[in-house]
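Throughout, residue positions are numbered sequentially from 1 according to the sequence presented. Just follow the structure's listing: the first ligand is 1, and inside any ligand the first atom is 1.
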Amino acid sequence: MKIGVPLKGFAEFSRAVASQGTVLLKNDEKFFPLKKQEQVAVFGRCQFDYYSCGTGSGGAVNTEYTTDFINSLIERRKVIVNDALYIAYEDWLKDNPIDNGGGKWASEPWCQTEMPLTDEFVKEVSDVSEKAIIIIGRTAGEDKDNANEKGSYLLTDGELDMINKVCKYFDKVGVILNVSNIIDMSWENEKINAIIYAWQGGMEGGNAIVDVVIGNTTPSGKLPDTIATDIKYYPAHKDKTSLQNIYIEDIYVGYRYFETFAKDCVKYPFGYGLSYTEFSIEVIDYDIIGEITDNRACGIAVKVKVTNIGDKYSGKEVVQIYLEAPQGKLGQPSRKLVVFAKTRLLVPKENESITLFIPFYGMASFDDSGVTGYKSAYVLEAGSYWLHVGNSIRDNSCRTISFNISKCTVIKQLEEALAPTTAFKRMKPKLHPDNSISIDYEDVPLQTIDLAERINSKLPEEIELIENKGYKLKDVKRHQVSIEKFIAQLSLEDLETIVRGEGMSHPNVTPGTAAAFGGVSKKLRDLGIPLMCCADGPSGIRMGSGYNATLMPIATLLASTWDIYLIEMLYKMAGKEVANNGIDLLLGPGLNIHRSPLNGRNFEYYSEDPLLTSKIAAAAARGIRKGGAHATLKHFICNSQETNRRKLDAVVSTRALREVYLKGFEAAVKEAHAMAVMTAYNPVNGHWTASNYDLNTTILRDEWDFKGIVMTDWGAQMNDVIDGGEASTSNVANMIKSQNDLYMVVGNYGAEVNENVDNIAQYLQNDKLKISELQRSAINICKFALKTQAFERGRLLFGHSLRFPARIEKTYEGIMRLSDNILEITDKSQSFFFEDEGEYQLNITYSCNTKGVGQTRCNIFLNDIFLANIQTKNTNGKTITKKFANAKLEIGLYVLTLEFISDELEIKQIEFIKL
Ligand code: BGC
């Protein structure tokens with residue numbers, strides 16, 4: 001175990017990945033790659049202040065170092081960087097440092113003020129340098145959506161002024177976008193030769209983008225999202241403040257909308273991206289394999305030959321195949337991505353033959369109304385189907401393949417689940433006689449099943465409680481005892497305790513991580529149930545304790561690689577690093593769909609397209625497992641925006657849920673056997689996801705055969721599993737009824753004492769919750785535990801008291817002594833004399849006043865040794881006392897140091913209780 005020691009080679013590999021996720025959108029007159037000894041002037045403060053990640057829990061990875069663009073460029077010595085401009089920025093930045101919003105949660109601005117430029121200065125620079133590169137940076141994140149405002153989705157006046165002036169004096173201009181999300185592109189003009197979406201490439205991102213611009217890596221990224229000419233054309237772009245978000249665009253998300261209804265509103269199409277070389281793609285052959293069924297081995301195999309037809313650069317190409325299905329009765333998008341593959345690195349004139357396989361299941365559509373005669377089934381309607389092969393959704397240079405289906409064929413019959421109860425109309429294409437399509441609307445089918453009947457008819461059988469027979473969890477592993485017999489030993493109190501996770505920064509697991517769960521009481525641990533640990537997040541391990549880890553590129557960049565094997569390898573390293581840190585579960589990947597470019601957490605998610613999301617997410621989950629840890633698929637489902645994320649009801653048809661929003665999760669469960677899922681904060685069709693039975697049981701477990709654990713998001717709310725209605729954080733009984741197994745989180749050591757005052761006991765008493773439902777979740781948790789390193793280890797990682805040597809001084813005169821072993825906190829650094837050697841439990845008293853749902857933290861050191869990390873949300877005016885650590889102390893001098901990230905947390909006292 002190497003806690004806080006980043007995995008060797010991981011950062012270097014993430015650099016290679018970051019450069020391959022770079023998307024080159026424009027490259028007139030071969031602006032990139034820069035040539036040897038070319039004179040280059042770099043504008044924009046983000047050349048120094050590179051954004052390596054977005055904000056919130058999906059960022060905040062502590063790294064040993066980060067890289068920036070300009071210094072990486074200079075180090076490479078290929079081009080001559082304009083000195084005067086470099087120095088001007090360097091000087092200006094001294095007086096204009098990064099504004100981090102004061103370190104408070106979600107307070108970092110979306111962008112930083114640009115250095116003002118005068119005409120004279122830009123002209124002077126242009127007299128020396130031939131080419132100009134402009135870097136524009138943006139960030140966003142958890143609890144901080146983007147906005148259609150200057151400085152977020154739109155450029156600021158300062159940035160526009162910079163572009164205008166640079167374009168005025170330079171003949172050759174390239175723009176690099178160091179962004180967490182797609183941004184408005186209306187500033188593009190004909191004087192700009194080149195544009196690169198470099199995204200945010202993690203700690204090695206500065207090096208990675210330089211690899212591309214100097215030609216060490218040929219860009220091979222493709223857009224995972226459609227870039228429209230204006231934000232107003234995205235169908236989901238609308239008022240975000242109401243508490244019901246009606247998904248009227250239905251399945252027409254991203255390119256499914258644009259290619260069907262609004263082709264002219266696209267600036268850069270989905271799947272698009274240039275290379276330094278060129279490729280030809282030829283369809284060699286295709287074959288229909290097997291019957292038209294849901295068997296994953298049945299479908300169409302297409303063999304293509306990809307040739308690098310350039311003569312200078314090696315490169316990789318992405319073959320993409322889009323389905324054009326007959327409009328039929330259901331209505332269809334004009335194009336739907338059904339398979340893709342990336343070549344290996346091809347040298348000029350080299351070719352590679354690839355066979356791509358499209359299962360029929362991946363082509364089918366979900367009939368949620370029964371209009372085809374098959375309600376709640378995946379079907380292929382009768383008619384002519386076309387497969388378009390190319391290197392973007394708009395590439396028509398290749399042969400298309402067509403085939404016919406003579407009658408509507410059921411691919412998979414399912415049952416109605418998760419249907420809306422609010423009536424609304426959804427988008428549907430209207431086909432005109434001249435084959436043109438316009439937007440029409442139809443009523444969305446509403447829920448017809450009886451949820452109460454469904455839940456009650458599937459109640460698990462109760463296992464009779466028995467006294468402790470001494471069975472341990474390892475006996476289950478050795479097949480000496482059944483899991484049911486083992487669980488029978490858990491008393492009602494144990495069953496209540498085990499479904500509560502504790503955190504953040506639990507003292508008995510890796511410091512600074514998000515939660516501990518499973519063996520959260522001594523009694524549970526005595527039964528051999530390990531205390532497991534989970535940590536954020538999609539871009540690497542976030543340890544609030546300040547320990548270092550590797551910061552990977554953001555998820556959107558990873559999806560832009562369109563390279564499943566590369567991503568699997570990257571996440572395998574992530575899995576190893578997670579395991580090396582004593583962590584069982586990474587709280588990622590995030591795989592929500594980019595419904596709108598304004599979702600602040602889009603950077604944690606992959607794409608607007610469910611297939612690209614599916615393949616990359618499955619690769620991530622597989623990789624993490626191969627590395628020795630587990631992935632947690634989040635946020636299940638429809639976290640389409642951050643504003644009002646805890647209350648906003650996603651009102652969505654089951655067709656859109658099945659074909660778009662659930663797809664990635666389905667693939668990661670079915671193809672990669674992911675073992676953990678985190679539900680979202682929001683309700684979907686009236687039920688908060690953490691108490692949504694159809695989501696967590698009917699679909700996830702009964703249909704997809706998921707065998708793992710489901711946890712809530714941190715401090716989530718639940719409502720009634722049958723009647724819906726109001727939600728609360730204490731309604732954990734309804735969470736259990738839906739088979740969301742774990743409530744994340746109550747305070748540390750709060751599970752056994754029901755610190756959150758949840759309603760499990762009350763529901764059991766009234767028979768509104770069955771013991772068997774609690775036992776079902778306890779079984780899920782224990783079965784999962786068997787697959788963790790915490791179980792293999794068989795002991796607490798941080799159960800013992802650390803020794804803190806005292807400083808021995810000649811005299812202790814004038815040094816404060818503790819009265820009643822209580823240290824009142826008056827300063828960020830305090831010395832005191834400790835008089836009684838021994839082992840102590842440290843109880844810390846604090847209060848916290850963060851805004852809204854924000855969180856903050858503080859690291860505590862004793863004689864420069866890490867003692868504890870407090871991570872907390874608002875304590876709502878209450879002063880809280882909690883056990884934070886055990887420590888062995890000596891007689892002598894101690895210096896206590898507190899490292900706060902904001903002034904919202906007040907630590908009042910530390911009490912040393914002798915053990
Ligand atoms: C986020 C999750 C994260 C959790 C633990 C929540 O606020 O939504 O994505 O994993 O915190 O940090």
Report task. Give a yes or no on whether a salt bridge exists between Lys737 and Asp720, defined as a side-chain N under 4.0 angstrom from a carboxylate O. Result -> no
Requested in this report: Output yes when Glu755 and Arg500 qualify as a salt bridge under the 4.0 Å nitrogen-oxygen rule, no when they do not.
Outcome: no
Query raised in the report: Does a side-chain heavy-atom distance below 4.5 Å link Ile498 with Cys782?
Result: yes
Query - Validation row: Tyr247, Val660 side chains within 4.5 angstrom (heavy atoms) - result: no
Query - Inter- and intrachain pairs under salt bridge (Lys or Arg N to Asp or Glu O under 4.0 Å), touching residues 537-547, at least two apart - result: Asp536-Arg542
Could you check ligand 1 for N or O atoms lying under 3.5 Å from protein N or O atoms and list the pairs with distances?
{"unit_1": "ligand 1", "atom_1": "7 (O)", "unit_2": "Glu142", "atom_2": "OE2", "d": "2.4"}
{"unit_1": "ligand 1", "atom_1": "7 (O)", "unit_2": "Tyr681", "atom_2": "OH", "d": "3.2"}
{"unit_1": "ligand 1", "atom_1": "8 (O)", "unit_2": "Glu142", "atom_2": "OE2", "d": "3.2"}
{"unit_1": "ligand 1", "atom_1": "8 (O)", "unit_2": "Arg601", "atom_2": "NH1", "d": "2.8"}
{"unit_1": "ligand 1", "atom_1": "8 (O)", "unit_2": "Arg645", "atom_2": "NH1", "d": "3.1"}
{"unit_1": "ligand 1", "atom_1": "8 (O)", "unit_2": "Asp713", "atom_2": "OD1", "d": "3.3"}
{"unit_1": "ligand 1", "atom_1": "8 (O)", "unit_2": "Asp713", "atom_2": "OD2", "d": "2.6"}
{"unit_1": "ligand 1", "atom_1": "9 (O)", "unit_2": "Arg601", "atom_2": "NH2", "d": "2.8"}
{"unit_1": "ligand 1", "atom_1": "9 (O)", "unit_2": "Lys634", "atom_2": "NZ", "d": "2.9"}
{"unit_1": "ligand 1", "atom_1": "9 (O)", "unit_2": "His635", "atom_2": "NE2", "d": "2.7"}
{"unit_1": "ligand 1", "atom_1": "10 (O)", "unit_2": "Asp536", "atom_2": "OD1", "d": "2.5"}
{"unit_1": "ligand 1", "atom_1": "10 (O)", "unit_2": "Lys634", "atom_2": "NZ", "d": "3.0"}
{"unit_1": "ligand 1", "atom_1": "12 (O)", "unit_2": "Asp536", "atom_2": "OD2", "d": "2.4"}
{"unit_1": "ligand 1", "atom_1": "12 (O)", "unit_2": "Arg542", "atom_2": "NH2", "d": "3.0"}

Query raised in the report: When you check the side-chain N and O atoms of Thr55 and Glu108, is any donor under 3.5 Å from an acceptor?
Result: no
